Amino acid sequence: MASRKRRTNGTPKATGLRQGLATYGDAGFSLFLRKAFIKAGGYSDDALDRPIVGITNTFSDYNPCHGNVPDLIEAVKRGVMLAGALPMVFPTISIHESFSHPTSMFLRNLMSMDTEEMIRAQPMDSVVLIGGCDKTLPAQLMAAASADRPAVVLPVGPMLVGHFKGEVLGACTDCRRLWGQYRAGTFSETDIEQVSERLAPTKGTCMVMGTASTMGCIVETLGMGLPGSGSIPATHSDRLRVAEASGRLAAEMAKKQGPRPSEIMTASAFRNALTVLQAIGGSTNALVHLTAVARRLGVNIELEEFDEIGRKVPVLVDLKPSGDHYMEHFHWAGGNSRLMKEIRTHLDERCLTVSARTLKQVIDSAEMVPNQTVIRTPKNPIKPTGGMAVLRGNLAPRGAVIKHAAASPALMTHTGRAVVFDSLEDLAARGDDPNLDVKEEDILVLRNAGPKGAPGMPEAGSFPIPMKLARAGVKDMIRISDARMSGTAFGTIVLHVAPEAAVGGPLALVKTGDRITLDVPKRVLKLHVDAKELAARRKKWQAPAPHNGSGRGYTGLFHKEVLQADEGVDFGFLGPAKS
Ligand code: FES
């Protein structure tokens, strides 16, 4: 029977229900007890002798992006059973962007630990990880990498677009744009109320090329999900079919005991993912997440390599926030497989995918949709180079990132006066003060908003233009911080400055009135203060007071262990497994 003990290199390997028994000092009793309890669920011996496919349940009333998860679970179960295995659904933490205090990123590592440990602790031969809302797919990929049990990732898929007064709306690029207009007084109270009912009109994840959509494309590129699974709309019947196929595939992987995530997510697969990230004009967050996933497998992502890819690979996808369309249009234009076809010379097509096909085979079967305009060719790109650039300089010795595809071309080379906000609280208190000394050509600096400083490195990097300038019609300014920003945001925003201010990074030493140069073509972020003066300021610098609650529990663990942006904001102790 498939779930009996198998032998690998002479070592007995338990599978199915017999693996990972609870420790009572008597393995026979442990299995007897396990069977006795599971029989309360009405399972037959035939069912319990099958290979087991675990399925994560990340449905939550607090997570409307995952509203279709119950339907997806049913479809996955159908696929598993059609292939002769036993599906077992289990809950894990679910994280929604706007329902997570202080920020969803604070909880990503907790979700990854929860998912990893539940995969390890419970008997399963493979697992289907169903996720989607921003931090969930990264957490699940991190868990899959660390648990290293055969895994198929199934994104929940993007929402359909919304409509308002003849305009197409998308969460959350248009959330920010219209909120900006409301703040500037050009959008009425009634209109903003009505828009709030139409921005997220269906189940599924944000339908612009934000973090969720970006991670959907990355799941496909890494080879951890089936082609199309990153972009089929959440409410389309094709999504249920890809769920069924994912279940079927996971059952086959359970029988074969492979391939394992470490065989799929190789250094070449991560390079492919970084290449697609540049070509789709994807979310800056994905760089942090990929760094964290890769680190779990002992693969080091170098910021310089990412920048170098961006100098060669054009942005080809015409989606908001860098372009004009939405995920459903991307999908019907051929989706990620078609995109990869356009940049295949930059990819390592030998990489394996969960379906046992190579990336080349996936790309060869991409649907060629005639006359589509959403996925461009390298001869007719949206931007001739990639979506993101890595900056260095005395203000960011360990790097910073800018999504120049969504920035103002006029600000790509600019020197201006720093206007500094010491924290998110300081920004909230003074940002809209009509007496704030700030001009359009200044550079806004926000600090103590990084992994330790905020804590959790919130998506605060695209903070609002000061009210008095917004009301005067200023739409964009250079903003620099150690925070992240939503993948759905746009503007000339320098992010992930490392090391962050809270651990004494140079951002902590900037004073209002200092001059700063941003030079994206030269990849420079420079503070015009000489080294002697900076050393004098450093002597006087004091670390911010510890946050409330940082002495205990998960908050305490986070403060103690969280790494910087260039290390993926993972916990130090969650590196690659040694054995
Ligand atoms: Fe869930 Fe945007 S809020 S993906």
Side-chain angles (χ1 to χ4, degrees), residues 56-70 72 92-108 111 129-141 153-162 168-179 195-220 225 229-236 239 277 280-286 288-289 319-322 326-328 330-331 403 406 456-462 484-490:
T56 62
N57 183 358
T58 54
F59 175 80
S60 161
D61 283 341
Y62 289 107
N63 193 345
C65 293
H66 288 202
N68 62 345
V69 164
L72 293 178
T92 72
I93 292 174
S94 186
I95 306 171
H96 185 274
E97 275 308 290
S98 54
F99 283 92
S100 306
H101 177 79
T103 173
S104 60
M105 187 66 167
F106 180 70
L107 297 169
R108 183 201 64 180
M111 181 174 177
L129 299 154
I130 306 177
C133 193
D134 282 23
K135 306 305 171 291
T136 58
L137 287 177
Q140 291 174 328
L141 285 169
V153 179
L154 175 64
V156 298
M159 302 172 199
L160 298 179
V161 297
V168 175
L169 296 182
C172 235
T173 301
D174 294 312
C175 321
R176 290 169 199 284
R177 180 176 62 82
L178 297 175
W179 184 253
V195 157
S196 79
E197 291 179 0
R198 300 188 182 182
L199 273 164
T202 70
K203 296 166 181 172
T205 48
C206 291
M207 63 297 230
V208 299
M209 191 50 86
T211 305
S213 304
T214 302
M215 291 308 301
C217 293
I218 280 175
V219 162
E220 287 191 41
S229 62
S231 58
I232 299 167
T235 48
H236 197 282
R239 180 143 296 281
L277 175 56
I280 60 179
S283 162
T284 45
N285 289 324
V288 177
H289 298 320
L319 249 64
K320 293 206 174 202
S322 305
Y326 297 87
M327 277 305 277
E328 60 190 274
F330 175 62
H331 179 69
K403 185 174 180 178
M457 204 183 179
E459 292 185 340
S462 54
R484 296 175 302 113
M485 78 170 179
S486 163
T488 62
F490 53 91

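Note that the coordinates shown come from a computational prediction; the quantities given were computed from them, not determined experimentally. Both counts, for ligands and for their atoms, begin at 1 and track the order of listing.
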Take H289 and T211, measure what side-chain contact (heavy atoms from CB on, under 4.5 Å) needs, and give me the verdict at the end. CA-CA 10 Å; H289 298 320; T211 305; 4.1 Å; yes

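If you take OG on S94 and OH on Y62, they are separated by 12.0 Å, rounding to the nearest 0.5 Å. To the nearest 0.5 angstrom, L178 atom CG is 6.5 Å from L199 atom CG.
With 2.8 Å as the limit, C133 counts as an N, O or S neighbour of atom 1 (Fe) of ligand 1.
Near A212, meaning under 4.0 Å from any of its heavy atoms, are these atoms of ligand 1: 4 (S). The C65 neighbourhood of ligand 1 comprises atoms 1 (Fe), 3 (S), 4 (S), with distances under 4.0 Å to a heavy atom of that residue. Every atom of ligand 1 with a heavy atom of C206 under 4.0 Å away is listed here by number and element: 2 (Fe), 3 (S), 4 (S). Distances below 4.0 Å separate heavy atoms of T205 from the following atoms of ligand 1: 4 (S).
K135 has a carboxylate O that lies under 4.0 Å from a charged side-chain N of E459, or vice versa, which qualifies the two as a salt bridge. Electrostatic pairing of K320 and D174 counts as a salt bridge here, judged by a charged N lying under 4.0 Å from a carboxylate O.
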